[in-house]
Amino acid sequence: MDFLNHWLLTILIFLPTVGAILVLIAKGRDAIRWTALATTLVTFALSLLLLTTFNWHQGDHYGYADAGGTVQMVQRADWIPAFNIQYLVGIDGLSFPLVILSTFVCALACIASWNIEKMTKGYMCLFLFLETGILGVFLSLDFFLFYVFFEVSLLPMYFLIGIWGGPRKEYAAIKFFLYTLLGSIGLLIVLIGTFLYSRSIVPGGTFDLVRMASPEFQHGLVGAVGHGVAITFFCLLMLGFLIKVPAVPFHTWLPDAHVEAPTPISMILAAILLKMGGYGIFRIAYPLYPQAAKAMWLLIAIIGVVSIIYGALCAMSQTDFKKLVAYSSVSHMGFVTLGAAVMTTAAVNGALFMMIAHGITSAMMFFIVGVVYDRAHHRELSRFGGLATTMPVYTGFSTVGMFANLGLPGLCGFVGEVLVLLGTFQAARSDSILIKGGFASSTQIYWLAVISCFGVILTAGYMLWTIQRIFFGPEKPEYKGFPEVNQREIVVLTPLTVMCILLGILPTVFFFTFTQKTVDGMFNLLTPASTAQVVSTQ
Amino acid sequence: MNLLAAAIDRPFIPGWADPANGLRPFAPELWLIVAIVAVLIVPFFTRRSNLACAATALFGLIAALLATMIVGTSDGVVGSHFRGLLVVDPVTVFFKGLLFLFVIGIILMWLCTTSMSMHEGDGPEFFTLLLGATLGMSLMASTSNLLMIFMSVELASLPSYVLAGFRKTHRVGAEASLKYVLFGAVTSSVMVYGLSMLYGLYGTLQVEELAHQMTTGSATSVALLTVAIFGLLIGIGFKISAVPFHFWCPDVFEGASIDVSAFLSVASKGAGLVLLLRILMTLASTAHWHNVPGISLSAVAIVVGVIGSITCTVGNTAAYVQTNIKRLLAYSSIAHAGYMMCALSMLLIGKGAESDLKDPASVATQAILLYLAVYLFMNLGAFTVAGLVYRQTGSEDIRDYRGLGRRSPVLALCMFCCLVSLIGLPPFAGFVAKLNLMWVLFRSGGWWIALIVVIGVNTILSAFYYFRVIRAMYLENSDAPAFFPNPLGLAISGACSVLLVLMLLGWSPLGRMTDYFSHLYFGSATVLVHEQPDMSSATASR
């Protein structure tokens with residue numbers, strides 16, 4: 001158990017790399033596929049082991065477990081002592097659900113990749129490298145290490161879109177790459193800048209994200225960094241993460257990337273890569289610069305609301321099924337941005353839940369698109385119709401997925417949306433962080449909340465319309481001979497459907513028990529009381 | 001007899017030539033000179049065989065490299081020698097080590113790329129020129145005397161002109177050579193004009209004395225001084241291909257054979273940068289890193305910083321439209337020289353959050369040395385791959401890289417590693433170099449922050465054209481046949497790629513090493529005139 005506690009996270013991160021090397025050695029298409037699948041499945045199984053080692057009742061503040069905090073299973077080793085850069089990994093309620101989601105979706109995407117015929121070896125190799133990058137991002141607690149993994153996950157994605165993608169793959173791949181690179185340059189500047197200022201607080205400086213969020217450090221940071229610099233750094237961080245999320249107006253890479261990417265890569269892109277942005281906001285941007293976050297809340301909230309509405313409107317006007325799903329991602333991730341901006345417990349919980357729920361539903365949606373594309377070889381919504389009679393099982397799965405996506409009560413999409421909206425309304429109360437701190441007026445918040453509510457209606461609108469256009473109506477002759485979903489596709493769809501329902505009806509059991517302590521702990525950092533305490537004790 | 005015993009005892013140090021060890025600091029250059037003479041003599045016994053010349057040159061360079069190492073570790077050599085004509089300090093030791101290592105790499109690269117197409121019997125000339133240019137560059141990095149500066153710049157340039165046109169049957173080669181000569185002649189004459197003015201104004205050839213008089217004297221004409229300094233800057237700017245003196249660079253790289261292009265891309269620019277570094281830092285340290293009535297350091301810093309940022313921006317934007325891999329790498333090398341020039345602008349004590357930044361020289365030097373060390377391997381790797389592809393396909397067009405990922409997977413992977421490293425992305429060392437540079441600028445605070453933004457924006461600009469090559473290699477298909485490249489070439493580029501990853505993982509030792517070597521020797525004149533702590537002993541004890 002001790003060994004696991006110490007090494008499990010490192011094993012999780014690098015197991016896919018080992019798998020990638022095995023894939024390189026493997027001979028024959030089947031051997032490659034099975035090696036890759038075995039790797040992802042073992043990784044998933046190991047991540048489930050976290051359920052036994054990760055103690056979600058432990059900790060009363062955002063800090064390391066050995067000091068009574070929530071961040072556990074920490075493994076650290078000096079990497080570059082001159083800059084106090086560490087190999088530092090750990091897990092808490094914020095990363096735990098995302099790690100499980102990543103290994104889960106990667107395993108399913110690996111099954112979904114079964115029909116990749118072109119250069120299978122290269123594909124599976126890059127796929128597994130990507131998984132290492134993803135898990136590294138979610139598990140590293142050192143800013144430098146985070147940045148390295150953040151960038152490392154970019155390169156395989158470029159090739160996965162660029163080589164195995166659709167007709168405009170090259171354009172989509174480089175667009176994805178340049179957009180994300182733009183954001184990461186912002187991150188890089190903040191990385192260096194924050195480290196520079198940390199040297200006046202901690203001898204030799206630090207890249208330790210948890211330590212940088214601690215009240216003691218924050219107290220020093222407020223003194224060392226001027227308000228203007230803090231705002232600049234916060235905005236650069238948010239630029240980096242909002243591009244990844246993606247929020248309007250930085251979202252234009254997403255529809256292109258999704259439309260061109262092969263189905264399994266779209267699943268990973270939507271389900272996990274977008275979450276890196278959301279995760280970065282909660283792990284880095286807000287804990288490091290909470291004051292700037294409060295000062296900039298309106299801008300972030302407006303970006304969130306605009307993403308919700310604009311994304312939904314764009315989705316409504318799409319004729320391409322995959323593009324519609326892509327824009328619905330923009331809309332749904334807008335809730336995450338909004339939830340972060342308004343800073344109430346309900347909204348933040350909702351935003352975190354939304355990330356997981358969207359991870360499940362978007363993976364499912366993209367797979368659903370892939371299934372029908374494999375058969376029809378087009379994605380034009382207007383040309384579909386009457387599939388309910390030819391493919392009843394498929395229709396059943398799809399309907400569950402789409403209803404979960406539009407936020408039907410009882411399915412997973414609902415919980416996140418409602419909590420974010422509820423939290424936004426709560427932010428208008430006089431005891432919320434924003435109102436009490438004098439950053440916002442309740443009128444502003446009401447307006448934002450009311451407008452974002454319309455997003456729910458719009459989502460229902462385009463989703464229902466899509467269901468109608470694809471599955472209902474008279475049966476069309478050209479789709480008559482379509483085979484029903486095969487066993488492989490059922491293997492992918494069933495776990496996703498089960499998760500949609502379980503997360504929808506038992507959100508506490510499957511989600512909030514894990515995150516409760518961490519969210520409470522991080523929230524204490526945001527409230528002015530904790531800073532005041534430190535000041536008074538000093 | 002004693003002398004012979006001593007010669008056997010310390011074979012690489014001709015200390016036996018002078019009981020007072022007078023020649024010891026000059027040992028690396030002496031070995032190069034020995035190698036040059038040997039390269040001219042050996043052909044008489046080997047029927048002018050190219051390979052024999054290459055082997056002789058290699059031995060000479062290895063001896064010079066070992067001599068550099070021994071000089072670097074022996075006591076009492078740090079300082080200025082031969083009445084200030086030669087300076088030995090940790091920076092020169094490090095740079096010479098890199099330079100000789102790099103030229104060894106170039107000769108190995110020559111073996112596997114252009115040696116086959118070189119006319120048998122041309123070896124002696126080629127290697128004489130190559131070693132001659134190397135000698136000039138190593139002197140450029142280790143002198144603070146105006147006369148010697150001019151001599152060494154010419155010694156580095158003249159062989160380079162011939163090397164650029166060495167492919168005698170190529171029209172482009174001849175054009176490149178001519179262009180290089182004309183450009184070089186004009187900038188050299190401007191430089192010697194500026195140097196003569198400096199001598200006329202102050203009556204001394206030693207840079208440290210000049211700096212002292214500049215910072216204390218007030219009776220000189222500012223206009224004359226400005227012209228003189230600009231003349232000097234133009235001469236060196238030509239060597240490091242700073243904008244607007246960069247026009248020769250793409251043409252020469254295109255016209256010259258690939259090994260010569262690679263040689264010029266790192267060695268020539270590196271030597272120019274170290275020379276400029278020495279001059280500027282001597283000036284700034286004499287002025288104690290503050291503006292003094294005699295000379296405004298911030299003006300010089302702004303000029304250098306602006307030239308640096310324009311250089312990298314022009315390099316990166318002009319690379320967009322290139323279709324020839326050598327021209328693309330030429331513009332990329334212009335951009336990288338620009339990045340390094342940005343670090344040269346740290347002539348004043350910054351106003352950043354760091355109050356402990358008392359010595360901008362060693363900080364800037366460290367950034368440049370680390371960048372050079374990484375840049376060397378990225379460029380050597382990329383040029384080697386380009387050379388191997390040229391040898392296979394006879395083309396330098398990026399379109400002929402299509403499908404390389406399938407045709408020669410290992411070679412393409414090496415190219416990928418080098419290019420991603422040139423962009424400055426992890427997991428490759430180019431990231432470390434760039435991060436280190438940005439970190440150093442950030443520490444200085446003030447308007448240096450603007451340079452960070454420039455470098456950041458340029459990184460994005462550069463990603464686009466490097467990725468054009470990557471896209472061609474992996475995303476586009478061609479039905480050109482698969483090939484297995486020369487194993488030696490593969491080994492060079494493979495070693496470079498592996499080193500690039502290792503240098504990221506081992507940033508710590510790399511940083512410590514460059515820290516150790518980042519101390520310039522500012523000359524005895526400063527010590528004599530000012531009552532400051534004894535710089536020479538402080539430097540030596542480090």
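Proteins get letters first, then strands, A, B, ... in listed order; numbering begins at 1 in each.
- Only the side chain of A:F144 comes within contact range of chain B, with at least one heavy atom under 4.5 Å from a heavy atom of that chain.
- The interface of residues 410-428 of chain B with chain A, defined by heavy-atom distances below 4.5 Å, comprises B:F416, B:V420, B:L425, B:P426, B:P427.
- Aromatic rings of B:F94 and B:F517 (six-membered ring for Trp) have centroids within the 6.0 Å cut-off, being under it.
- For the pair B:A343 and B:I368, the tightest heavy-atom approach, listed with the atom from each and the gap, is CB-CG1, 3.9 Å.
- In this structure, A:F138 and A:F146 have side chains that are not in contact, with every pair of non-hydrogen atoms separated by 4.5 Å or more.
- B:W507 and A:F83 have their aromatic ring centers within a separation under 6.0 angstrom.
- When heavy atoms are compared at a cutoff of 4.5 Å, B:N458 does not approach chain A at all.
- Proximity of the aromatic rings of B:F442 and B:W448 is defined here by a centroid distance below 6.0 angstrom, and this criterion is not met.
- Considering only residues two or more places apart in sequence or on other chains, B:Y320 meets the ring-ring contact (aromatic ring centres under 6.0 Å, His included) condition with B:F464.
- Taking both residues in full, the closest heavy atoms of A:D256 and A:T252 are given as OD2-O, 3.4 Å, listed atom of the first, atom of the second, then distance.
- Using a 4.5 Å cut-off between heavy atoms, A:F150 does not touch chain B at all.
- In this structure, chain A has heavy atoms under 4.5 Å from both the backbone and the side chain of B:L505.
- Across A:L191, A:I85, A:L181, A:V225, the residue that shares the most heavy-atom pairs under 4.5 angstrom with chain B is A:L181.
- Put simply, of A:L154, A:V148, A:I80, the one with the most heavy-atom pairs under 4.5 Å next to chain B is A:I80.
- A:I174 touches chain B through its side chain: at least one heavy atom from C-beta onward sits under 4.5 Å away, while N, CA, C and O do not.
- Checking B:Y401 against B:S478 by side-chain atom types alone, no donor-acceptor pair falls below 3.5 Å.
- Between A:F195 and B:W439, the gap from one ring centroid to the other is short of 6.0 Å.
- Contact annotation for B:I455: neither backbone nor side-chain heavy atoms come within less than 4.5 Å of a heavy atom of chain A.
- Residues B:F483 and B:R407 meet the side-chain proximity criterion, which asks for heavy atoms closer than 4.5 Å.
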